[in-house]
Amino acid sequence: METVSIDKTQGWKNVLKIIIPYFLTVGIFQLIGYYFAGLDILNYKTNQQTTKQTFVVVFFSFLGTILIIWIFRKYVDRESFRSLGFDKKFISNDLLIGILFGFFIMLLGFTSLILTKQIIFLAFQFRLGEFILSVGLFIFIAISEELILRGYILSNLMTSFNKYIALIISSVIFSLMHGANPDFNLLSMIGLFVAGLFFGLAYIYTKSLWFPIALHFSWNFFQGTIFGFNVSGKDTYSFIVTKENSFTIWNGGNFGFEGSILSILFQFFAIAIVFRIFKNRLASKKLVESNGQSSS
């Protein structure tokens with residue numbers, strides 16, 4: 001019987017191939033978004049964006065991400081877009097678990113910082129329009145970043161490297177992609193790297209994007225919109241208004257809670273739980289498949 005050789009270098013080569021087209025395509029779509037949002041493209045760094053304007057720009061970035069990944073998935077990988085991780089099995093379960101994980105980590109962080117007076121509660125401010133836009137904003141961010149980082153980059157790297165090496169590389173890329181964000185520093189870089197491990201761990205066992213997308217959305221939404229932290233250095237509308245007594249390694253300062261030591265500690269604890277949940281699911285799946293084969 002003739003064996004078919006598999007080119008294990010193709011995965012990392014595909015990752016290299018998509019980098020420039022990805023940034024060019026998303027960059028063009030962002031410029032279109034700036035135009036429709038009424039922002040000055042030539043002075044984008046000094047623009048004070050409203051939530052609506054940010055939503056428009058992020059939506060166009062999302063469209064650009066979908067387009068370039070669809071093109072590469074179809075014509076470079078020669079696989080279906082759905083195979084990136086959109087299997088319907090476990091969808092409701094994974095979405096729920098992802099949202100709960102993000103909520104409880106941010107709730108623990110917020111409560112800990114309030115009790116230790118690292119941050120001070122000021123007021124509640126509920127604005128329905130801002131709230132709805134924030135939900136959409138963070139949904140598009142979560143889908144876009146998980147599609148490129150976990151769906152495309154991590155999945156391709158796993159065909160070339162050991163799954164844990166692939167996870168580490170994709171997490172480094174995830175961290176460095178935020179390098180241009182305001183107040184990015186060594187601690188926030190480490191925090192984002194650990195977040196990349198957190199988001200990607202379930203994917204390496206399930207090849208499903210539902211949990212990472214839900215967790216990513218929940219992480220950003222509860223961090224920014226509900227509990228009032230900056231999100232990756234960016235100030236957004238928040239239901240709870242707080243202020244820091246001072247910027248410390250415990251509260252993350254202007255970068256937000258995810259740039260704090262406390263966040264990193266909570267994430268490692270959550271990673272251990274996620275590892276058990278999805279490793280056990282994989283083991284159960286293999287057991288069912290082996291029983292099915294033995295009975296046939």
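- For Phe121, the CZ atom is densely surrounded, since the number of other residues' heavy atoms within 6.0 Å is greater than 12.
- Ala214 approaches Asp94 most closely through the heavy-atom pair CB-O, 4.1 Å.
- Ring-centre distance between Phe131 and Phe126: below the 6.0 Å cut-off.
- Nearest heavy atom pair, residue Val194 against residue Gln267, reads C-OE1, 3.6 Å.
- Judged by distance alone, the side chains of Glu130 and Ser134 never bring a donor and an acceptor atom under 3.5 Å apart.
- Within 6.0 Å of atom NZ in Lys234, 12 or fewer heavy atoms from other residues, nucleotides or ligands are found, so the atom counts as exposed in its surroundings.
- Distance check, rounded to the nearest 0.5 Å: CD1 of Ile120 to CD1 of Ile114 gives 8.0 Å.
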Show your working on side-chain contact (heavy atoms from CB on, under 4.5 Å) between Phe101 and Ile273 and close with a plain yes or no. CA-CA 10 Å; Phe101 260 107; Ile273 298 174; 3.6 Å; yes
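- The side-chain contact (heavy atoms from CB on, under 4.5 Å) with Leu96 is formed by just one residue from the set Ile99, Asn93, Leu100; it is Leu100.
- Here Phe110 and Phe227 bring their ring centres to under 6.0 angstrom of each other.
- Taking CZ of Phe266 as the reference point, atom CD1 of Ile105 lies at 8.5 Å (rounded to 0.5 Å).
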Starting from the C-alpha separation in whole Å, work towards a yes-or-no answer on side-chain contact (heavy atoms from CB on, under 4.5 Å) for Thr206 and Phe211. CA-CA 9 Å; Thr206 66; Phe211 174 81; over 6 Å; no
Do Ser83 and Arg73 pass the side-chain contact (heavy atoms from CB on, under 4.5 Å) test, and can you show the C-alpha distance, the side-chain angles, and the key distance before you say yes or no? CA-CA 9 Å; Ser83 66; Arg73 196 62 176 166; 2.9 Å; yes
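- Taking CD from Gln10 and OG1 from Thr159, the interatomic distance works out to 8.0 Å, rounded to the nearest 0.5 Å.
- Under the ring pair (Phe, Tyr, Trp, His ring centres under 6.0 Å) criterion, Phe55 pairs with Phe140, not counting sequence neighbours.
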Using the rule given for side-chain contact (heavy atoms from CB on, under 4.5 Å), can you reason through Phe59 versus Phe29, listing the C-alpha separation, both sets of side-chain angles and the distance that settles it, and then say yes or no? CA-CA 9 Å; Phe59 173 70; Phe29 273 77; over 6 Å; no
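- Taking every heavy atom of both residues into account, Gly253 and Phe247 meet most closely at CA-CD2, 3.6 Å.
- In terms of heavy atoms, Ser246 sits closest to Asn251 at O-ND2, 2.8 Å.
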